[in-house]
Asks: 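Here it is, the structure, as structure tokens.
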Amino acid sequence: MFNFRSKNHQKHTAVATLPDLGQDDRGLCNLYDPHESEQLKHVRDIADVLEETGKLNSAQLGQLRQAMAQKPEADICEIIVAMRFASDDDILAARASLFGFEFRRLDPEKVDKAAFGLLDGEYIKSNSVCPIEFDGPVLVVATSKPSDIFVLDDVKRRTGKNIKVIVCVESDIKKVCDALTETHLDGSVDEIIEDATSQSDIQLIQDQVQENEDLEKIAGESPIIKFVNYLISHAIREGASDIHIEPKEAHSKIRYRIDGILFDAMKPPVTMHSAVVSRLKIMSNLDISERRVPQDGRIAAIAGGRPIDLRISTLPTCHGEKVVIRILDSRSILRTLEDLGMSDEVLVKFRAEIDRPHGILLVTGPTGSGKTTTLYSALNHMDGSTMNVSTVEDPVEYHLAFCNQVQVIEKIGLSFSAALRSLLRQDPDVIMLGEIRDSETARIAVQAALTGHLVLSTLHTNDAPSSVTRLVDIGVEPYLIGAALNAVLAQRLVRKICSHCKENMPATDSMKPMLEKVGIGENELFHGAGCQQCRNSGYSGRIGIYEFLMVDDAFRDMITKDPSTSNMRKAFAASRQASLFDDGMLKVRAGMTTVEEVLRVTESL
């Protein structure tokens, strides 16, 4: 390619012998120019760009130049990060400017799918390069590695397009790739979707939606049946507790709730949405002709050789009916007390309370905090063969062989209070109430506890001390609460660090004072780096954090005198029993979870 000549001619002909470069490639001539002075001039670098954009001040730039002089072999970016003068994003933006490229953050919703589809998803992720749109005949490509000219040249060859390069952060490319490729779906589902959308009757769903018999026919055809079956089985395999099927203007959005957090699962065509909803309604014996009001149903299924209970809830929205499927799996509900994550101290106290012959034991926390699982574990601990154990629930989440379970049906008058009143005539030893919701139910529960029955129930409060005030607000007299209430267990669920990518992490400056206060060393922090096993979240599974309020004689006197929330919390703090935050930080020290997770569920307290 180059025409090298003798030494006598080389000095004057080196530039002239370069090939005829295009306009875009003339920057390569700057690599060597023999006409430059022997005294090399300063070359503009990332530090200069950061100063120009206001990310570095003159003093920081001087310190940086001094550090570079001391370590000439070190990478300038590593020095900047080590000195904490700029973030990784700032450095990448400066590098983009240095190369003459635009720096941009990517929005998956704004990426052109046709452009994105020119490259394979695995190639995009592994090379951190992503086609995002067309600028006329030119393909716009985003990369987090603008200096990798070999990859950019390969993209040009693979796509057969002239390319325009912009720079973005690597995490944005991963988000786009996850959103547009649904990497966790296998080819069979893609084929199902393609098969379903290629059928003329599926395409006419929007036109036929007024014809109930046609919609029922479509919902019963093979592609829709296969898709719905796969959707449910895949969610169960992923460990999801809920499936959200949400209609949007351009597509149907399906999300799984895994470990308490919603994750995007797939985006089937909007033309499939009505048929999928109708299929679920048929399976749960709901009225497919009624789309204006919410409906609730149930599906009993077998998955992996074990029974699975599915609760279906529909809700009309502006783009169609949204469906939420709650997955009730016996493996996640029936656990031993030891598997719940209670500390040894709390476990001993809790066991003692559920072995008492009478009184009220409350489990409190928001929706989805594991209250029902805790109560079921408590019932499983009891001897059902020698005791009459009865429950009143809405709904009955799992059928227990040793219990007499009553399903609340409000529309026929079978409320919590009505069912509880009837149960008291059934010679019970233990009564479990799904929730204390109103004054009448609370009063009957208190009377049952005072007449020799053990009552277990849940309450929606933020912490254990405020449950006393909640009962007073419902309408129970303080002296009755003091006489009947034995203990309150408050709980939250935090995500556990993934065991496959668990690693030590340094403490941030803002975190150090809090860690010192609770006695956790900087080297005792762990987090999940993110891997395929945990969907790059760094977490896998959940564990409970607890605070246990024992109602002793001093507490009973205080409940009678002043049951305000502030007074109850002061009394709880004075008793030196561990709070939710305290128990969470113990699990941080043990390497089970992270500080961020504990703060996420307790910072509002």
Side-chain angles (χ1 to χ4, degrees), residues 239-242 257-261 326-356 360-384 389 391 393 397-398 400 402-403 430 432-435 454-464 467 486-499 539-550 577-594 597-598 600-602 605:
S241 61
D242 300 87
R257 186 177 294 279
I258 302 173
D259 296 336
I261 305 296
R326 169 65 60 88
I327 301 172
L328 302 177
D329 186 353
S330 61
R331 294 195 308 181
S332 62
I333 292 179
L334 285 183
R335 298 187 179 184
T336 64
L337 292 174
E338 291 79 8
D339 293 334
L340 297 179
M342 296 181 186
S343 65
D344 292 340
E345 181 181 359
V346 171
L347 183 59
V348 169
K349 293 178 180 178
F350 189 74
R351 283 181 178 274
E353 289 302 322
I354 60 179
D355 287 336
R356 295 182 67 168
I360 296 178
L361 171 61
L362 293 177
V363 179
T364 73
T367 301
S369 59
K371 301 186 299 296
T372 301
T373 299
T374 299
L375 288 181
Y376 274 22
S377 298
L379 295 179
N380 201 33
H381 170 76
M382 298 176 181
D383 186 2
V389 181
T391 73
E393 303 170 68
E397 295 198 9
Y398 183 74
L400 303 172
F402 55 86
C403 289
V430 179
M432 192 272 273
L433 287 173
E435 182 185 351
L454 179 63
V455 179
L456 312 179
S457 188
T458 70
L459 207 60
H460 285 89
T461 60
N462 288 330
D463 55 10
S467 60
N486 290 343
V488 183
L489 178 75
Q491 67 178 70
R492 297 288 192 280
L493 292 177
V494 295
R495 292 181 292 172
K496 295 192 297 184
I497 298 172
C498 175
S499 60
Y539 299 96
S540 180
R542 289 190 289 178
I543 193 170
I545 60 174
Y546 303 89
E547 68 179 18
F548 196 72
L549 168 60
M550 295 281 294
Q577 300 178 76
S579 66
L580 286 167
F581 178 79
D582 296 334
D583 191 44
M585 296 310 290
L586 288 175
K587 290 178 171 61
V588 170
R589 175 185 288 175
M592 297 180 184
T593 188
T594 63
E597 268 298 287
V598 175
R600 180 178 67 86
V601 300
T602 63
L605 300 178

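Quick caveat, the model's predicted, so the values are computed rather than measured. Hydrogens, waters and symmetry mates play no part in the numbers below; they use all other heavy atoms, side chains included. Position 1 is the first residue of the sequence, and the numbers go up from there.
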Asks: Taking all heavy atoms of F548 and all of A487, pick out the closest pair and write down the distance.
Replies: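 Looking at all heavy atoms of both residues, the shortest contact is CZ-CB, 3.6 Å.
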Asks: Can you name the nearest heavy-atom pair linking A464 to A490, along with the distance?
Replies: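 Looking at all heavy atoms of both residues, the shortest contact is N-CB, 3.5 Å.
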Asks: Quick one, S377 with N380, criterion side chain to side chain donor-acceptor pair (under 3.5 Å). Give me CA distance, side-chain angles, the key distance, then yes/no.
Replies: CA-CA 5 Å; S377 298; N380 201 33; over 6 Å; no
Asks: Just do the side chain to side chain contact (heavy atoms under 4.5 Å, CB included) check on V494 and T602 with the steps written out, would you?
Replies: CA-CA 10 Å; V494 295; T602 63; over 6 Å; no
Asks: Could you walk me through whether L337 and I354 pass the side chain to side chain contact (heavy atoms under 4.5 Å, CB included) test, one step at a time?
Replies: CA-CA 11 Å; L337 292 174; I354 60 179; 3.8 Å; yes
Asks: In the structure I gave you, are the side-chain heavy atoms of F350 and L340 within less than 4.5 Å of one another anywhere?
Replies: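 No, side chains not in contact.
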Asks: When rounded to the nearest 0.5 angstrom, what distance separates CG in L489 from OG1 in T458?
Replies: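 Taking CG in L489 and OG1 in T458, the distance rounds to 12.0 Å.
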Asks: Which residues satisfy the side-chain hydrogen bond (donor to acceptor under 3.5 Å, both in side chains) test with E597, sequence neighbours excluded?
Replies: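 R495, R600.
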Asks: Is D583 close to Q491 at the side-chain level, that is, under 4.5 Å between some pair of heavy atoms?
Replies: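 Sidechains of D583 and Q491: no contact.
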Asks: Does any part of the side chain of N486, heavy atoms only, come nearer than 4.5 Å to the side chain of L361, both counted from C-beta?
Replies: no
Asks: Drop me the distance from I360's CD1 to L433's CG, to the nearest 0.5 angstrom.
Replies: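 Output value for this atom pair is 9.0 Å.
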Asks: If you count heavy atoms of other groups shown closer than 6.0 angstrom to CG of D383, is the number above 12?
Replies: yes
Asks: Under a 4.5 Å cut-off applied to non-hydrogen side-chain atoms, are T364 and D463 in contact?
Replies: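 Not touching, per the 4.5 Å side-chain cut-off.
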Asks: Thinking salt bridges, do E353 and K349 make one under a 4.0 Å N-O criterion?
Replies: no
Asks: Using side chain to side chain contact (heavy atoms under 4.5 Å, CB included), reason through M592 and I545 one step at a time and then give a plain yes or no.
Replies: CA-CA 11 Å; M592 297 180 184; I545 60 174; over 6 Å; no
Asks: So does L580 get a backbone contact from the side chain of E547, meaning a donor-acceptor N/O pair under 3.5 Å?
Replies: yes
Asks: What's the separation between atom CE in M382 and atom CG in L454, rounded to the nearest 0.5 Å?
Replies: 5.0 Å
Asks: Nearest 0.5 Å, what's the OH-CD distance between Y376 and E393?
Replies: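 Those atoms lie 3.0 Å apart.
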Asks: If you look at every heavy atom in Q577 and L549, which pair is closest and at what distance?
Replies: OE1-CA, 3.9 Å
Asks: Taking all non-hydrogen atoms of both residues, which atom of V601 and which atom of L493 are closest, and how far apart?
Replies: CG1-O, 3.7 Å
Asks: Drop me the distance from K371's NZ to H460's NE2, to the nearest 0.5 angstrom.
Replies: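 So the gap between those two atoms works out to 4.0 Å.
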Asks: For residues L379 and C403, report the shortest heavy-atom separation together with the two atoms involved.
Replies: CD1-SG, 4.2 Å
Asks: How many angstroms lie between OG in S457 and CD in E435, if you round to the nearest 0.5 Å?
Replies: 7.5 Å
Asks: I'd like to check V598 versus M585 (side-chain heavy atoms, cut-off strictly below 4.5 Å). Are they in contact?
Replies: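 They are in side-chain contact.
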Asks: Applying side-chain hydrogen bond (donor to acceptor under 3.5 Å, both in side chains), name anything that partners D242, two or more places apart in sequence or on another chain.
Replies: R326
